[in-house]
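Taking it in order: structure first as C-alpha cells, then the write-up.
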Amino acid sequence: MTATGPSMYSGAPAHQVTTTDTLLWVALPYVVIAVFVLGHVWRYRYDKFGWTTRSSQLYESRLLRVGSPLFHFGILVVLLGHIGGLVVPKRWTTAAGVSEHMYHVTAVALGTVAGLCTLAGLAILIYRRRTVGPVFSATTRNDKLMYAVLTLVILLGLSATVAANLLGGGYDYRETVSPWFRSVFFLHPRAGSMAGVPILFRLHALSALLLFTIWPFTRLVHMLTAPVGYLTRPYIVYRSHDTTLGRRPPRRGWDLPR
Amino acid sequence: MRVMAQMAMVMNLDKCIGCHTCSVTCKQAWTNRSGVEYVWFNNVETRPGQGYPRQYEDQERWRGGWTLNKRGRLTLKAGGRARKLLTIFANPKLPSIGDYYEPWTYDYETLTDAPLQEHTPVARPRSLISGKYMKVSWSANWDDDLGGSAETGERDVVLREVSEKVKLEFDQTFMFYLPRICEHCLNPSCAASCPSGAIYKRTEDGIVLVDQDRCRGWRMCVTGCPYKKVYFNHRTGKAEKCTFCFPRVEVGIPTVCSETCVGRLRYIGLMLYDVDKVLDAASTPDDTDLYEAQRGVFLDPHDPEVIAAAERDGVPRDWIEAAQRSPIWALINTYKVALPLHPEYRTMPMVWYIPPLSPVVDVVRDTGHDAENAGNLFAAIDALRIPVDYLAQLFTAGDPAPVDAVLRRLAAMRSYMRDLNLGRDPDEAIPARVGMTGEQIYEMYHLLALAKYDARYVIPAAHAEDAHKLEELATECSLDYEGGPGMTGWGPFGETSGGAAPIAVENFHMLRQRQTSDVPAGREHLRGRVNLLNWDGKGLPEGLFPPRGGDEGPGPGGTNPPADSGAAETEPKP
C-alpha cells in the first residue's frame, strides 16, 4: 500500500464551486438536518406507539440469529469509524502520534471488515425478509423503501472505499470530506472541499443524506432509543398513575364545581 | 418498613372444572385483535400436561426468572444487563410462534358461497401468520383433559422431577386444571429484563403493566418472565400482558376472568407487604424456603404498627380496611391453604393457589371407602405420594410438607362440615388434628364453599380524587376515534401506529351519529368491522352478513330484501 501524502490532494479546494455544489453541499445538508430533527420530534409526539423495532423474531429466528447481530455489530463499528474519520480532525490524530499511514491501514482494514459484515448481515436479513412468508407479509412499503436506501448507502460507501484503495491507491477523505462535514455543523459550510471529491464518495454522501431524510419516518427510529439507560437504572420500575398525568386536588364539599 | 399494597388473587383449584370461560371472556375483552391471536392472558392448563407455551416451566431451556449467583446474590437467570444488551439483536431464548401455536382461522366463506353440490363444503384452516392453508397440529389446549397424553405426557416438565412410578401411572391416577394469569409478582423479572424500562409496577396496587408508548419491542421481557405471561404482539411490535383488568379493578369490580368464572373459584383482595424485605426474601438460599420467605414479606393488616406505617406510606384508610377484610390474607395467612405457583422462580408471584384435594378424594371413593371420613382422607394423603409430590413440584419447589398440611386442612373441613350438614354433633377432634378450631373451620367453609360474591372480591376502588386521571376521555383528542379525522387505520409506520382509539369516544360518536341520522344504522364504512354495540337491529350493517347472491345486496336505506331474492342460483335440492 502506498503512502498517501497530503500533497496529492491539496488541489481539491481549488475546484470551482458551482451552483449545484452549493445546493448539494450547503443547502441540502441543512434541509436534511431540519427534517431529521423535526421529523423525530414530530414522530415522537405523534407516534410513540409506532416507535418500535417491529421485531420479526417470533416468525423466524434461525436466519435472524446470524444476520441480525452480524448487521448490527457491523454497522456499529462502521458508525464508530465514521465518527473517527469525519468528526475527529486530522491534526488531532497526528498530534496524538498516529501517522497517516497507520490511520489509513487501520481504517481500511477495520472499515472493510466491518463493512463486509454489515453487508453480509444485510444480505441475510433481506433474503430472510423476502423468502420467509410471514416476515414478508409483515413488511410494509415503508420498510421496502428503507431497505433500498440503506442498501444503497452501504454499497456506495463500501465500493468507494474499495475502489479508492484498489484502483487509486487510497484516498484521504480527511482532507476534503471531513472538513466539509464539520463545517456544516460550524454553520460555515465549505462546499468547495466537496467539489473535487471522487464521484463514489460524493454519491455515498448524497445517499446518506437521503437516508437521514427518511430516517425519522421509518423503523430506523429505534436506533435513537437504544436502551443504554438499562445499564444504570434500577431493575424494577415503580410508577404511580400520578406521575404521567396531571394532578387535580380534590374538590371540597363546599366549593362550587369548576 | 415500607408498606405497599398489592392486588392479589387466589384460585381454588378444587372447584375448577376446566370450562375455559375465563380464557374466552378474557380473550374477548383484551386480545381479540390481530397480532395477538395466539395470546392468552388467561389460559387453563390440564395437569399433568405441557402447559402454554409448551414446556414453559423448563427454565434450563428458557432461562426465565431469577437465580442466585455464586456469591448468593439474586441475578436474572438469562443474564445481567450487559449480556442482555449484547444479545439484543437476536434474543437467543425467545420462544418461537411454534412453541405457542400458529394461529388460524377457517375459510368460512366457502361454507356460504359454495355452489350447490353433492358434498358438504368444508372450511379449511388458514394460517393467520402466513395466510396460507395449514394443517392444525397444536394449540393452546391441545392436551386438554389429558388428550394425547400417552404421546406427549412425558414432556411435562414437572413430571420429570417426580419419581419414575408417577411417570408410568400419572394419567390413570389424577388430573386437575390450572388456570393461569400474570402473577403480578413482587419482584417481577419481566420488568427487570426490559431494556427500555417500559414495564412497571404500579405503586398503588402493584399491578404490573407494559407502557405501550415506551415499549420498543426488544422482547427481553418474554424471556425474563418464567411463567411466559408476557407476549409479543407481532403486528405492533410491542409486548402485551395481563393487566389484572385494571380499568375494572380501579372502580372496584373484579377482573373479567373472575367475574365470569363459572366455578366461582377466584378470590381477589389486597395484601400489604414490606417492600424492603422483598429482595432478601427472594434471595433465600434454599428453594424450598421461598414459600415461607414470601409469607414473611406480607404484613398483618390488623397490626397497629403496620396500620400506622401504612398510613405514613400513603396507603388510604379504606384500603387498609380492605386489606383487613381481604380473602387473600385469610387464605394465605389465617387458614394457610393457599400456595404460590413455582416459588423457585424467585419472582414472588402474587396469584396463589389452593391445591386440589379431589385427586385424593377420588382415589378413596374409587376404593369403596367413605371419602368424607377424616381418618380415611388423612391416611390417603399420607399414602398417595403421587398427587402430593406433583403438587409440591408446582407450589412449594418440591417440599411435600406444606402441600400435605393444606390437603389435611381441606380434608378436615370436608369431614367436619359433613357432620354439621347431617345434623350430627360436630367432632372437635377433627379440626384439632390440623391445628384449627371448629369455628375457624366453619369460617373457612364459608369462604371456600359458600364463596359469596362479596366475600370473594374485596376490591377497594381507586380514589375519587384520581378519577380524572382514570378517564380516558379527558386526556385524549376526541377526533382520534377509529374512522374519525385523527385516525387512518394502517398508518404509514405499520399497524395501528399513531395512537389507539378510545372505545368510549368511538361509541359516543357513533351513537350520536345514529341518533341524529335519517338512515338506519350500519351504513358507516368501518372497513370490514361491525360495531355491534351500536347496531340497533335495524338494517344490515356491511360485513355482518355475507352479501346476498344475485343482486346488489340490501337496497337503499338498508331494508331487507325479500327472502327469495337471491335464490335464483342455489335452488333447494328436490
Side-chain angles (χ1 to χ4, degrees), chain A residues 43 46-61 64-73 121 132-134 136-138 140-143 217-219 221-222 225-251, chain B residues 76 81-82 84-85 87-92 94-97 127 129-132 187-188 191-192 194-204 209 211-219 232 234-238 462-466 468-470 475 490-494 496-500:
Chain A
R43 177 88 187 266
Y46 164 74
D47 188 33
K48 265 187 209 152
F49 184 63
W51 197 295
T52 152
T53 57
R54 291 215 291 111
S55 163
S56 55
Q57 194 181 350
L58 196 68
Y59 300 137
E60 199 278 346
S61 63
L64 185 90
R65 192 166 297 166
V66 182
S68 179
L70 206 56
F71 169 77
H72 281 97
F73 284 117
V132 179
F136 187 58
S137 57
T140 62
R141 270 184 294 179
N142 184 316
D143 293 339
F217 313 105
T218 65
R219 64 201 294 175
V221 289
H222 74 264
T225 47
V228 281
Y230 184 50
L231 292 170
T232 50
R233 75 142 219 263
Y235 263 141
I236 315 289
V237 179
Y238 288 94
R239 248 168 77 180
S240 160
H241 42 193
D242 297 343
T243 54
T244 47
L245 300 165
R247 178 173 264 260
R248 184 170 66 173
R251 186 166 62 85
Chain B
L76 286 170
R81 302 167 200 265
K84 284 251 149 51
L85 291 192
T87 55
I88 205 164
F89 302 128
N91 182 349
L94 188 78
S96 75
I97 193 75
S127 166
I129 299 281
S130 66
K132 297 202 169 69
N187 185 30
C194 175
S196 324
I199 303 188
Y200 61 98
K201 194 166 178 63
R202 294 215 299 196
T203 45
E204 288 85 0
L209 293 174
D211 183 338
Q212 292 287 307
D213 280 347
R214 292 182 70 180
C215 173
R216 306 278 174 244
W218 304 118
R219 69 216 172 276
F232 188 76
H234 59 88
R235 278 269 175 236
T236 62
K238 306 254 170 174
H463 271 254
E465 60 268 28
D466 295 339
H468 161 76
K469 284 167 277 169
L470 305 174
T475 49
W490 264 80
F493 311 120
T496 59
S497 66

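Values in this document were obtained by computation on a predicted structure and should not be read as measured data.
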* **Chi angles and distances behind the side chain to side chain contact (heavy atoms under 4.5 Å, CB included) call for H72(A), I88(B)** => CA-CA 10 Å; H72(A) 281 97; I88(B) 205 164; over 6 Å; no

* Could you tell me whether the side chain of S240(A) and the main chain of T203(B) form a donor-acceptor pair under 3.5 Å? => no

* Top of S96(B), C194(B), P92(B) for chain A proximity - count of heavy-atom pairs under 4.5 angstrom -> C194(B)

* Angle class for the H222(A)/W218(B) ring planes (parallel below 30°, perpendicular above 60°, tilted otherwise)? -> perpendicular

* Listed partners of D143(A) passing salt bridge (charged side-chain N to carboxylate O under 4.0 Å, His left out), at least two apart -> R54(A), R219(A)

* Kindly write out the residues that satisfy salt bridge (charged side-chain N to carboxylate O under 4.0 Å, His left out) with R65(A), not counting sequence neighbours, or none if the list is empty. => none

* Asked: Counting N and O atoms only, with roles assigned by atom type, does the side chain of T52(A) sit under 3.5 Å from a partner on the main chain of G237(B), one being a donor and the other an acceptor?
  -> yes

* **Flag, side chain of T53(A) to backbone of R216(B), donor-acceptor distance under 3.5 Å** => yes

* **Region of I129(B) in contact with chain A, defined by heavy-atom distances below 4.5 Å** => both

* To the nearest 0.5 Å, how far apart are OG in S55(A) and CG in N91(B)? -> 8.5 Å

* Of all the heavy-atom pairs spanning S130(B) and P134(A), show the shortest one and how long it is. => CB-CG, 4.1 Å

* Sidechain-backbone polar pair: Y230(A) side chain, A192(B) backbone, donor-acceptor under 3.5 Å -> yes

* In Å and rounded to the nearest 0.5 Å, what is the CZ to CZ distance from R239(A) to R202(B)? -> 10.5 Å

* To do: Give the member of A82(B), P95(B), S127(B), G197(B) that has the highest number of heavy-atom pairs under 4.5 Å with chain A.
  => G197(B)

* Asked: Looking at CZ of R214(B) and OG1 of T225(A), how far apart are the two atoms once the value is rounded to the nearest 0.5 Å?
  -> 11.0 Å

* To do: Give a yes or no answer on whether the side chain of K238(B) reaches the backbone of F49(A) with a donor-acceptor pair at less than 3.5 Å.
  => yes

* Asked: Measuring from L58(A):CG to R219(B):CZ, what's the distance to the nearest 0.5 Å?
  -> 10.0 Å

* **S61(A) portion near chain B, given a 4.5 angstrom heavy-atom threshold** => neither

* Asked: At a heavy-atom separation under 4.5 Å, does I199(B) approach chain A through its side chain, its backbone, both, or neither?
  -> backbone

